[in-house]
S.K.: 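Before anything else, here's the structure in question.
Numbering starts at 1 and runs along the sequence shown.
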Amino acid sequence: MTNRNILFDFDKIIPRQGTGSRKWDALENVFGSNDVLPLWIADMDFSSPKAVSTAIIERAKHPIYAYNTQEKSLYQSVIEWAKKRHGWEIEEEWILLAPGVVPSISLSIFALSEPGDGIIIQPPVYPPFFASIKDNERKVVENPLLLKNGRYEIDFEDLEQKLADPNNKLLLLCSPHNPVGRVWSREELEKVYELCQKYEVDVLADEIHNDLVFQGHKHTVFASLGTPVCKQSVTFMAASKTFNVAGLNFSFIIVPCKSRRGLIQNWITKLHISRNNVFGGIGTEAAYRDGEAWLDALLIYLEKNADILVEFIQTRLTEVKVSKPEGTYLVWLDFRAYFTNDKELQKFLVHTAKVGLNAGKNFGTQGEGFARINIATQRSVLLEALTRIEKALLNYKKI
C-alpha cells in the first residue's frame with residue numbers, strides 16, 4: 001500500500017510572509033507584535049492540492065478576467081462530493097453560490113428572521129456567530145455547551161427551554177464544532193432535530209469543517225436526517241477549510257426548501273452579490289474533482305499533529321487541560337490553572353511565550369482562560385510553539 005505522505009510533503013516549510021497573508025503578515029495589527037509564531041486564524045500552512053493551482057494558473061493564462069458564469073460541472077462536482085464523502089444526495093437547484101460562509105449566515109438570518117428575533121447559538125463558538133446576529137439587529141440567545149470530564153456536550157434541557165420561546169426563530173449550529181472540536185454524533189443531531197421540529201425552529205448549519213474528521217468519528221449532515229428536516233434547514237459548505245482555499249471567497253448555501261431558498265436568493269439579489277470570483281469556481285471544482293487523495297493524506301497528518309500536541313501537553317504541561325479534537329484542525333486549550341482572566345493569558349502568550357493563538361474570550365464568556373491553537377502547520381512549527389509555551393510556563397511558575 002502506498003504511503004500517501006510520500007506523495008504529499010506536509011513537513012515542507014513554505015514561507016508565507018509577504019504574500020498578503022492575514023495569518024503571517026498582520027501580526028502587528030492583531031497581536032501588537034511581529035515577534036510571534038502564528039497559530040491562530042483557521043487556514044493551513046500547507047500547499048493546496050496541485051490540481052487546484054494547476055487549474056487556476058491555466059485559467060490565469062487567458063488575459064481577460066471579466067464577468068464570469070459558472071459551468072454546470074461545478075454544481076455536479078459539489079453533488080458528487082456530498083454523496084461520496086457524506087452520503088448526502090442533493091439537487092442542483094438547492095445550491096446557491098455565495099462569497100463565503102459568514103456572509104451566507106448573515107444572508108440567511110436576514111431572510112429567515114426579523115429584527116429583534118432570538119437566534120440560538122452554542123458557545124464557546126466561532127466569533128462571527130455573535131457578530132452575524134448582533135450586526136443584523138437580532139438577539140443572541142446562548143445555549144452554552146456543557147464541559148463534562150474534558151468533553152463538551154449539548155445541554156439539551158436548556159436547549160429545549162430556548163427553543164420553546166416563540167421569540168427564538170433560528171438555531172445556528174456549528175457542526176463540526178469550532179473551537180471545541182466535537183463531531184456531533186448522529187444520535188445527538190437527531191435529538192436536536194426532534195426538538196427543532198417540535199418547536200418549529202429552523203436550523204442554520206455551518207458545516208464548513210465537515211470534511212475534516214478523524215478516525216472513529218463520522219460527520220452527519222444535519223439536513224440528511226430526513227425529508228422534514230430538509231425543509232427546516234439551511235446548510236453552509238465550502239472547499240475553503242478542506243483544501244486551504246479560503247482566499248478564493250467561494251461557498252455554497254444548500255437549501256432544499258423552495259420557499260426558504262427563494263427568500264435567501266432575494267437577499268442575494270438585493271445586495272448584488274450574485275457574481276463570484278472568476279477563480280473561485282475553477283479552484284473549487286478542481287479540488288472536489290481531484291483533491292481527494294490529498295485530503296486523505298492531510299487527515300493522517302493532522303491527526304498525528306493532534307496526537308503529538310495532546311501527548312506533549314499531558315506529559316509536559318500537565319496543568320494545561322486539553323482533549324483530542326474529533327475533527328477540524330483547531331484545538332481548545334484550557335489555561336485556567338494559571339490565568340484567571342483572558343487579558344493576562346494573552347499577554348503571557350504573546351509577550352512571554354511569543355506565540356499567537358486565538359483569545360478564548362472571543363468565543364464567548366465561556367472561553368475566559370482558554371485559547372484556540374491551529375495545528376494545521378508543519379510538525380516542526382507546532383513543536384516549536386509548544387516548546388515556547390512550556391519554557392514560558394516554567395519561568396512563569398517561578399515568579
Side-chain angles (χ1 to χ4, degrees), residues 22 26 29-31 40-43 98-147 152-155 158-159 161-163 165 167-182 184 192 196 201-209 222 233-236 238 240-241 246 251 253 264 267 271 328 330-334 341-343 345-346 357-374:
R22 177 160 173 74
N29 290 335
V30 175
F31 297 105
W40 62 295
I41 195 170
D43 70 18
V101 165
V102 174
S104 299
I105 291 172
S106 289
L107 283 169
S108 300
I109 288 173
F110 261 129
L112 303 178
S113 66
E114 299 292 336
D117 284 347
I119 315 295
I120 302 168
I121 60 174
Q122 296 169 313
V125 74
Y126 184 47
F129 277 25
F130 295 91
S132 295
I133 297 169
K134 294 176 181 177
D135 292 349
N136 293 315
E137 300 177 339
R138 273 66 170 174
K139 179 183 177 183
V140 172
V141 178
E142 296 191 7
N143 166 228
L145 299 178
L146 299 175
L147 182 57
Y152 282 90
E153 299 177 0
I154 296 172
D155 185 341
D158 180 73
L159 177 60
Q161 292 178 5
K162 303 295 169 56
L163 291 170
D165 185 341
N167 295 310
N168 299 333
K169 304 299 184 183
L170 301 170
L171 168 64
L172 185 47
L173 177 71
C174 194
S175 177
H177 193 281
N178 171 10
V180 306
R182 277 299 316 279
W184 305 118
V192 173
C196 289
V201 173
D202 284 8
V203 176
L204 307 183
D206 176 2
E207 303 192 13
I208 197 170
H209 292 278
F222 187 79
S233 68
V234 176
T235 304
F236 309 111
S240 54
K241 302 301 181 187
S251 70
I253 311 173
I264 296 171
W267 274 105
L271 296 174
T328 81
L330 307 164
V331 185
W332 193 232
L333 304 179
D334 183 352
N341 68 78
D342 203 81
K343 184 177 180 180
L345 171 56
Q346 279 301 302
L357 310 185
N358 288 96
K361 69 174 183 179
N362 294 335
F363 298 82
T365 57
Q366 299 80 5
E368 191 84 21
F370 290 78
R372 190 190 75 174
I373 186 170
N374 177 350

S.K.: Can you tell me how far OG of S106 sits from CG of L271, rounded to the nearest 0.5 angstrom?
M.R.: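 Output value for this atom pair is 9.5 Å.
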S.K.: Where do F363 and W332 land on the ring pair (Phe, Tyr, Trp, His ring centres under 6.0 Å) test, with the steps shown first?
M.R.: CA-CA 11 Å; F363 298 82; W332 193 232; 5.3 Å; yes
S.K.: Is there a side-chain contact between H177 and T328 in this structure, where contact means two heavy atoms from C-beta onward sitting under 4.5 Å apart?
M.R.: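 Of all side-chain heavy-atom pairs linking T328 with H177, none is under 4.5 Å.
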S.K.: Tell me the closest heavy-atom pair linking I253 and S108, and the distance in Å.
M.R.: CG2-OG, 4.4 Å
S.K.: What salt bridge (charged side-chain N to carboxylate O under 4.0 Å, His left out) pairs are there with at least one residue in residues 173-182, not counting sequence neighbours?
M.R.: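 The answer is R182-E188, R182-E326.
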S.K.: Would you say that more than 12 heavy atoms from the other residues, nucleotides or ligands in this model lie under 6.0 Å from the NZ of K162, or not?
M.R.: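 Enclosed: over 12 neighbouring heavy atoms sit under 6.0 Å from NZ of K162.
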S.K.: Of all the heavy-atom pairs spanning I109 and L170, show the shortest one and how long it is.
M.R.: CA-CD1, 4.2 Å
S.K.: Do K169 and D202 make a side-chain contact, defined as non-hydrogen atoms from C-beta onward lying under 4.5 Å apart?
M.R.: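 The answer is no; the side chains never approach within 4.5 Å.
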S.K.: Using a 6.0 Å cut-off, check whether atom CD of E137 has over 12 heavy atoms from anything other than its own residue.
M.R.: no
S.K.: How close do D206 and I208 get, heavy atom to heavy atom, and via which atoms?
M.R.: OD1-N, 3.2 Å
S.K.: Can you check whether P144 reaches D155 side chain to side chain, under 4.5 Å on heavy atoms?
M.R.: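 In short, these two side chains do not touch, never coming nearer than 4.5 Å.
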S.K.: Please give me the minimum heavy-atom distance between N178 and H209, naming the atom from each residue.
M.R.: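 In terms of heavy atoms, the two residues are closest at ND2-NE2, 4.2 Å.
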S.K.: Can any side-chain N or O of N374 pair as donor or acceptor with the backbone N or O of D43 at less than 3.5 Å?
M.R.: yes
S.K.: Look at the rings of W267 and F110 and say which category their plane angle falls in: under 30° parallel, 30 to 60° tilted, over 60° perpendicular.
M.R.: parallel
S.K.: Just distance, no hydrogens or angles: give the donor-acceptor pairs under 3.5 Å from side chains in residues 115-127, sequence neighbours left out.
M.R.:
from	atom 1	to	atom 2	distance (Å)
D117	OD2	E114	N	2.7
Q122	NE2	N143	OD1	3.0

S.K.: Taking the six-membered ring for Trp, is the centroid-to-centroid distance between W184 and F222 below 6.0 Å?
M.R.: no
S.K.: Do the non-hydrogen side-chain atoms of V102 and S132 ever get within less than 4.5 Å of each other?
M.R.: yes
S.K.: Side chains of L146 and Y152, heavy atoms from C-beta outward: is any pair under 4.5 Å?
M.R.: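 With C-beta onward as the side chain, the pair stays apart.
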S.K.: Please report the interatomic distance CZ(F129) to CG(L173), rounded to the nearest 0.5 Å.
M.R.: 7.5 Å
S.K.: Closest approach of D342 and G360, non-hydrogen atoms and distance?
M.R.: OD1-N, 3.4 Å
S.K.: Contact between V180 and L145 at the side-chain level, heavy atoms closer than 4.5 Å - yes or no?
M.R.: yes
S.K.: Measure the shortest side-chain to side-chain distance between R372 and V331 over non-hydrogen atoms and say whether it is less than 4.5 angstrom.
M.R.: no
S.K.: To the nearest 0.5 Å, tell me how far S251 OG sits from K241 NZ.
M.R.: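 Answer rounded to 0.5 Å: 11.5 Å.
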S.K.: Decide yes or no for K134 and N136: does some side-chain heavy atom of the first lie under 4.5 Å from some side-chain heavy atom of the second?
M.R.: no
S.K.: Distance from Q346 atom CD to L357 atom CG, nearest 0.5 Å?
M.R.: 7.0 Å
